[in-house]
S.K.: 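Once you've had a glance at the structure underneath, I'll fire off some questions.
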Amino acid sequence: MAAEEEWLEPEAAAPEDAAGEVVDAVDGEPGDPHLLLGNRLNLHLYPRGCHRLLHLCAQRAPQLLEVEFLQLSGHEDPRLLEATLAQVPANLQHLRSLVLRGGQQQDVLGACSRGFLTTLPAGLSDLARLAHLDLSFNSLETLPACVPQMRGLSTLLLSYNCLSELPDSLGAFPSLSFLSVSHNCLRTLPPALGSLSALQRLDLSENLLDTLPPEIGDLSSLTELNLASNQLQGLPISLGKSESCSSGSLGLTGSALQPLPGSTLVLHGGPCTHWLGPPWSLQSSLVALVCRPSLARAGSGPEGPLPTLSCPLPPVGLRSLRFLILHSNLLTSVPSGLAHLPLLARLDLRDNQLRDVPPELLDAPFVRLQGNPLGKALPASHSAPETPVTREMPRLFLNSDLDSFLVTPQGCLVTLACGVRLRFPAGATADPINIHYRLRLPEPRLVPLGPHDALLSAVLELRPHGVAFQQEVGLWLLFVPPRARRCREVVVRTLSDDSWSDLETHLEEEAPKRLWAHCQVPHFSWFLVVSRPVSNTCLVPPEGTLLCSSGHPGVKVTFPPGATDEPRRVRMQVVHMAGRELRALLEEPGAAASPLLCLSQRGTSSFLQPVTVQLPLPPGVTGLSLDRTCLHLLYWAPPAAAWDDITAQVVLEITHLYARFRVTHFSWYWLWHTTKSCVQGLARKAWERLRLHQVNLIALQRRRDPEQVLLQCLPRRKVDATLQRLLDRYRGPEPSDTVEMFEGEKFFAAFEKGIDVDADRPDCVEGRIYFVFYSHLKNLKEVYVTTALDRRAQAVRGQVSFYRGAVSEEVPEEAAAARQRKGADPLWMATLPIKLPRLRGSQGPGQGQGASLSLAPLNLGDAETGFLTQSNLLNVAGRLGTDWPAVALHLGMPYRELQRIRHEFRDDLDGQIRCMLFSWAERQAGQPGAVGLLVRALEQSDRLDIAEEVRAILELGRQKYKDSIQRASLAPRDLAPPEPSASQSPESAQA
């Protein structure tokens, strides 16, 4: 390890010196005899691959002369990799293929990450036999200077780098047949690209190209050209050239020559002179000129000397092109000559801005035109007729005080205050439409999760529901990266026709902690991001088909002919269970289980013919050594509570590695190998363990304000780090013992032994705080508590207990009673102590906020917007944090006063927030619209969470007041509550 750490030092050494140091360090390392088998040396999957190669070079292994294929990882240290590559020309002289790809490592989403390679040593140009060079998934910003000198290359792969341009020397490859530069930052292409006469495949997709050089039409050997996902607005006319010049004809495509009076056009093309008498205007797309060998003298025609115009023959064009991919660009026109390319089998023009195409292309079977505004009139413009008209799509950035926006047929790009992005393409709607949005906290009725799904985002609602668009709308949702990535995928889930479905989702990363789920939506509804096991679907025709799992290749389902009389869509999901968990549950060292298979279909009817299911045998079990009495096939069909052992009801066909059986309807299947005879109950426990999360519960009190209590449910692995971050501001008991909870499980916290919640909250019922557990989201709430006991005599020692399920009407008041009932009552999870310190001086109950700040009684609000109590405002102050200056400015507070508050409470953030909020509230006492002003200020400061809570508190207070009036028969149902008098405080009006 010492040698490896030397490469991480900041001082850079020369590659030769570095190589010497590494060789010395690895000289004593034992070599792997299996590395040099045959002519391949694959070191990209080995740890310390560069060290291994340097060790082989230092030993002068004779097998190195036989190596023709070398693979190294681009994730090696750059200096170490450069030093290793410098040794390659002298030791691997017969090398034909060199692969230096990144991508062996994965990011938080499971996507391939780029390697660290930024350059290559100049000595690599000495590899005379090198024909294949792969530098994909690296960090190249320019093409290394040694690459154009490798004249023998036939394949050059540069995808997923950071290249912004290609050098002119790129045209010096006489044998290059495949060039891939996709997923880079190219803006232009060098004209020398047309000199690659042997090039057959060219991939330039996912770049920033807006034009193409005319020389690209000179690639006569090109069969595949991919220009998808660029910014092309037009194509050079040379792309439509296809005819070649033979001894008797000359092909001219797209010419626009005009005649001279009484003249004849003479084209010299080597030993043959081509002429055309007047009128010789070449306006057609394709004109063939007859070559007469007898007229070899320039300027001679049937009538003697004539004026001549000499020009070289045109290039032969893309006569070999078979596939031309141009989707997802900005094309407004295409050359008509594309229809005359003789071998063209596919022309992909989807998702461009084409309003009209040549008639030859419109009905051609090999052309794809979906996603273009064909036939729609072009908006009026003063541009020249020959200039493509491009209009920039309007961009909207919504503030938090706006919950709607207008979409016109022109389209727009919208960024909501909550971070969600929307793209309405031109023509998505025929008439202007007003869109409303709302970001909701997750609730069980809004979050449909499968048994093994996990929620990764809040719930977005877009209205009006069900409005269909003429073109699909792009939607980008922020989400929390999932922890488990093996055999799992991230999808956007939406409500459509009273049923939830998953949309095709693409993941995008803007920053390490800013991840987007991108999908196309046909209409508006509810949207959320979930992580689920990888799902494989197929449409089963009456002729039968085969469905395989992409995560577990050994899992297959075979549908025979006649299994269904009409096409039916089926879905497969596979869940893996760690063997150690099963062995610990069964207390059996040899227990093992196959992956858990879930099969589902649309509809409930059974199949007409038995369907064959193949599962791999449990790990460590083979068909040769299998004891069939230990093999159990388990089956579960929701909503049944238990698993059934159906081993005796089916015929198990056992091979060396797999077990096959036949079924007629779909559900959950699991193959176990255990010596236990009754496994149904154990299977239910094992399946629950797959879905359970181990968590700890904490209850902390703010040091400067003990009445503020933080309640949180944390995954066990996050407890220590979270406490370390919070304990400088909070204090409290140790976290609870480990508790197991399901995704989406409800639980609540009840304050006991004289302590109550000090404010009406929408998530509070009879003093009990309601939670829903989501493993990837923050299960955290801060509440203010109070007590009816006299704190002037002594401190109040209470407690908070956590219970499962919906909020219960009866909760044990003593922790001891709850612990005694733990065996019979599994609803109780934990109890943590809460202490309200003894009041000092003249402070009364509810005034423990510190002597440095005096809070006057509140009279904030009016009958129309509702009232806020002092407890409500304290709750708002406790959640503002460092956002309080923005809220203050939106409330109209002068900046000078903010500076005064900062100086007066410079060591007390809580004091700054309370002073700002209560000083503003005192000035607003009795003023109409004060509460509405506070809500708008919170929204404008991007604190939608607090604004929504204040709205809920106001609505709850108004409803309680109306209910109390109606119960006393003092007012009709539609009577609004009057403004409180001097003898009636807002607290009593909201109680």
Side-chain angles (χ1 to χ4, degrees), residues 208 210 229-233 327-332 350-355 370-383 387-440 457-479 492 494 496 503-508 510 514-529 939-940 942 944:
L208 304 174
D210 54 3
S229 299
N230 278 279
Q231 300 176 8
L232 297 174
Q233 302 179 21
H327 71 76
S328 305
N329 277 280
L330 303 174
L331 295 175
T332 57
R350 293 174 298 166
D351 299 319
N352 278 279
Q353 301 297 319
L354 296 173
R355 299 178 182 272
Q370 295 88 345
N372 284 281
L374 293 174
K376 298 183 179 179
L378 189 67
S381 175
H382 300 288
S383 302
T387 305
V389 178
T390 58
R391 301 184 61 181
E392 184 178 358
M393 185 174 292
R395 296 177 179 267
L396 302 178
F397 297 90
L398 301 188
N399 296 325
S400 56
D401 57 343
L402 296 176
D403 62 352
S404 65
F405 54 92
L406 184 67
V407 177
T408 65
Q410 183 182 356
C412 61
L413 298 172
V414 184
T415 301
L416 307 183
C418 55
V420 175
R421 296 176 181 173
L422 292 159
R423 182 184 183 276
F424 295 85
T429 175
D431 302 310
I433 183 173
N434 202 34
I435 305 297
H436 295 262
Y437 78 93
R438 185 177 182 183
L439 195 66
R440 294 178 176 270
S457 73
V459 182
L460 175 68
E461 180 187 10
L462 295 173
R463 302 191 307 271
H465 292 175
V467 174
F469 295 97
Q470 299 179 12
Q471 295 189 43
E472 290 186 335
V473 176
L475 173 64
W476 286 262
L477 290 171
L478 284 170
F479 67 95
V492 175
T494 184
S496 177
L503 302 174
E504 182 179 354
T505 306
H506 304 279
L507 305 184
E508 300 178 6
E510 182 177 311
R514 195 170 181 85
L515 307 172
W516 302 88
H518 174 213
C519 63
Q520 300 291 330
V521 297
H523 59 266
F524 279 172
S525 180
W526 307 83
F527 301 93
L528 59 149
V529 184
E939 292 176 335
Q940 292 169 356
D942 291 335
L944 297 179

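Below, each value reflects all heavy atoms present in this structure, side chains not excepted, and no hydrogens, waters or symmetry copies.
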S.K.: If we only count heavy atoms from C-beta on, is the Leu507 to Leu515 side-chain gap below 4.5 Å?
M.R.: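 Leu507 does not reach Leu515 side chain to side chain.
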S.K.: Taking all non-hydrogen atoms of both residues, which atom of Gln470 and which atom of Ala430 are closest, and how far apart?
M.R.: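 Answer, listing the atom of Gln470 first, then Ala430: NE2-CB, 3.2 Å.
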S.K.: Are the side chains of Trp516 and Leu478 in touch, meaning some heavy atoms are under 4.5 Å apart?
M.R.: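 In short, these two side chains touch, coming nearer than 4.5 Å.
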S.K.: Can you say whether the rings of Phe524 and Phe424 are parallel (under 30°), tilted (30 to 60°) or perpendicular (over 60°)?
M.R.: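 Judged by the thresholds at 30° and 60°, the geometry between Phe524 and Phe424 is perpendicular.
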S.K.: May I ask you to decide if Asn372's main-chain N or O and Asn352's side chain share a donor-acceptor pair within less than 3.5 Å?
M.R.: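 No, Asn352 side chain to Asn372 backbone: no donor-acceptor pair under 3.5 Å.
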S.K.: Atom CD in Gln353, atom CG in Leu374: separation rounded to 0.5 Å?
M.R.: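 Answer for the CD-CG pair, Gln353 versus Leu374, is 10.5 Å.
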S.K.: Using side-chain heavy atoms (C-beta onward) and a distance below 4.5 Å, is Arg440 in contact with Arg438?
M.R.: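 Heavy-atom side-chain distance check passes, below 4.5 Å.
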S.K.: Please round to the nearest 0.5 Å and tell me the distance separating atom CG of Asn230 and atom NE2 of His327.
M.R.: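 Answer for the CG-NE2 pair, Asn230 versus His327, is 10.0 Å.
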S.K.: Under the side chain to side chain contact (heavy atoms under 4.5 Å, CB included) criterion, do Ser525 and Glu461 qualify, and how do the steps go?
M.R.: CA-CA 6 Å; Ser525 180; Glu461 180 187 10; over 6 Å; no
S.K.: Any non-hydrogen side-chain atom of Leu462 less than 4.5 Å from a side-chain atom of Val521?
M.R.: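 They are not in contact (no side-chain heavy atoms under 4.5 Å apart), so the answer is no.
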S.K.: Roughly how far, to the nearest 0.5 Å, is CZ of Arg463 from OH of Tyr437?
M.R.: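 Between atom OH of Tyr437 and atom CZ of Arg463 there are 11.0 Å.
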S.K.: How long is the gap from CG on Leu503 to NE2 on His518, to the nearest 0.5 Å?
M.R.: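 Rounded to the nearest 0.5 Å, the CG-NE2 separation comes out at 11.0 Å.
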S.K.: Compare all side-chain heavy atoms of Leu944 with those of Leu439 and state whether any distance is below 4.5 angstrom.
M.R.: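 Not in contact.
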S.K.: For Arg423, what residues pass the salt bridge (charged side-chain N to carboxylate O under 4.0 Å, His left out) criterion, not counting sequence neighbours?
M.R.: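 With sequence neighbours excluded, Arg423 shows a salt bridge (charged side-chain N to carboxylate O under 4.0 Å, His left out) to no residue whatsoever.
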S.K.: Do Phe527 and Val420 touch side chain to side chain, with heavy atoms closer than 4.5 Å?
M.R.: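 Of all side-chain heavy-atom pairs linking Val420 with Phe527, none is under 4.5 Å.
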S.K.: Between Cys519 and Glu504, which heavy-atom pair has the shortest distance, and what is it?
M.R.: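 Nearest pair, atom of Cys519 first, then Glu504: CB-O, 3.5 Å.
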S.K.: Do Pro464 and Ile435 come within less than 4.5 Å of each other through their side chains, counting heavy atoms only?
M.R.: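 Touching, per the 4.5 Å side-chain cut-off.
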S.K.: Looking only at heavy atoms, what is the nearest atom pair of Pro432 and Leu406, with distance?
M.R.: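 The answer is CB-CD1, 4.1 Å.
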S.K.: Hey, what do you get for CG (Leu330) to CG (Leu232), rounding to the nearest 0.5 Å?
M.R.: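 The CG atom of Leu330 sits 8.0 Å away from the CG atom of Leu232.
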S.K.: Nearest heavy-atom pair of His523 and Val467: which atoms, and what distance?
M.R.: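 Looking at all heavy atoms of both residues, the shortest contact is CB-O, 3.1 Å.
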S.K.: Verify, without hydrogens or angle tests, whether Gln233 (side chain) and Asp210 (backbone) share a donor-acceptor contact under 3.5 angstrom.
M.R.: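 No; zero donor-acceptor contacts below 3.5 Å.
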S.K.: When you measure from the side chain of Thr494 to the backbone N and O of Trp526, does any donor-acceptor pair fall under 3.5 Å?
M.R.: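 Yes; judged by distance alone, with no hydrogens or angles, the pair exists.
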S.K.: Give a yes or no on whether the backbone of Val492 and the side-chain of Thr505 come within a donor-acceptor separation of less than 3.5 Å.
M.R.: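 Side chain of Thr505 to backbone of Val492, a donor-acceptor pair under 3.5 Å: yes, one is there.
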S.K.: Drop me the distance from Trp476's CH2 to Leu416's CG, to the nearest 0.5 angstrom.
M.R.: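 Between atom CH2 of Trp476 and atom CG of Leu416 there are 12.0 Å.
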